[in-house]
Participant: 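After the C-alpha cells below, expect a handful of questions from me.
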Amino acid sequence: MKTPNLMTVGYAYGVPEAAMAAVLLESAGILVTKHPWHTVCVTWSKTHAFGGIEIQVPASQAEQAAAILADFQPIARPRKRLFRLLVCIAATLFIAVPPAASGFFAVAMRPGTMRNSAQD
C-alpha cells in the first residue's frame with residue numbers, strides 16, 4: 001500500500017493543542033498524522049527540541065486543512081502570571097524540569113511554505 005504524500009499544515013507545542021487540531025481536522029473528514037506525537041507524550045520536556053508536533057495531512061487535502069486551521073485558536077487559560085513564573089523558575093532550578101510547552105502555529109498556504117514530507 002502506497003503512503004500518501006503528506007504536507008505539514010501546522011505545528012503544535014503542546015499535546016492538548018495537537019489533539020484539538022487533529023480532532024478538528026478529522027471531524028471534517030481529513031486524514032491526520034501527528035509526528036512525533038507519541039515521543040512528545042512521553043518526553044514533553046523535549047517538545048521544542050523536536051520542533052513541536054507536526055500536523056500533517058495528505059497533499060490533496062492540504063488547502064482545505066489550512067483553511068480550517070486558519071481559524072483555530074486554542075482557548076487561553078486564565079493564569080496568575082507572577083505566581084506561575086515563580087513556580088516555573090523554582091521547578092527549573094531545583095528539579096531541572098522545564099515547564100510544559102504549549103501553543104499552535106498554522107503554516108500559511110503560500111507557494112513554498114508548506115513542508116512536503118516526501119522531500120525529507
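What you are looking at is a predicted structure, and each value in this text was computed from that prediction instead of being measured. Numbering of residues begins at 1 and proceeds along the displayed sequence.
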Participant: Return the minimal non-hydrogen interatomic distance between Leu6 and Pro58, and the atom names on each side.
Facilitator: CD2-N, 3.9 Å
Participant: Apply the test side-chain contact (heavy atoms from CB on, under 4.5 Å) to residues Ile55 and Tyr11: give CA-CA distance (whole Å), side-chain angles for both, the deciding distance (0.1 Å), then the verdict.
Facilitator: CA-CA 6 Å; Ile55 307 297; Tyr11 294 91; over 6 Å; no
Participant: For residues 24-38, tabulate all N or O donor-acceptor pairs below 3.5 Å that involve a side-chain atom, not counting sequence neighbours.
Facilitator:
from: Ser27; atom 1: OG; to: Val23; atom 2: O; distance (Å): 3.4
from: Ser27; atom 1: OG; to: Leu24; atom 2: O; distance (Å): 2.7

Participant: Ignoring hydrogens, what is the shortest heavy-atom contact between Val57 and Ala62? Give both atom names and the distance.
Facilitator: CG2-CA, 3.7 Å
Participant: Got a second to check how far Met7's CE is from Glu63's CD, nearest 0.5 Å?
Facilitator: 9.0 Å
Participant: Ignoring hydrogens, what is the shortest heavy-atom contact between Thr47 and Tyr13? Give both atom names and the distance.
Facilitator: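 Where Thr47 meets Tyr13 most closely, the heavy atoms are CG2-O, 3.6 Å.
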Participant: Is Val42 isolated, or which residues cluster with it under the ILVMFWY side-chain rule of less than 4.5 Å, directly or via members?
Facilitator: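 Its cluster mates, by chain and number: none.
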Participant: Where is the tightest heavy-atom contact between Gly14 and Ile53, given as atom of each residue plus distance?
Facilitator: O-CD1, 4.1 Å
Participant: Quick check for you: to the nearest 0.5 Å, what is the distance between Met20 atom CE and Leu69 atom CG?
Facilitator: 11.5 Å
Participant: In the hydrophobic clustering (ILVMFWY, side-chain contacts below 4.5 Å, transitive), which residues join Leu82, or is it alone?
Facilitator: Leu86
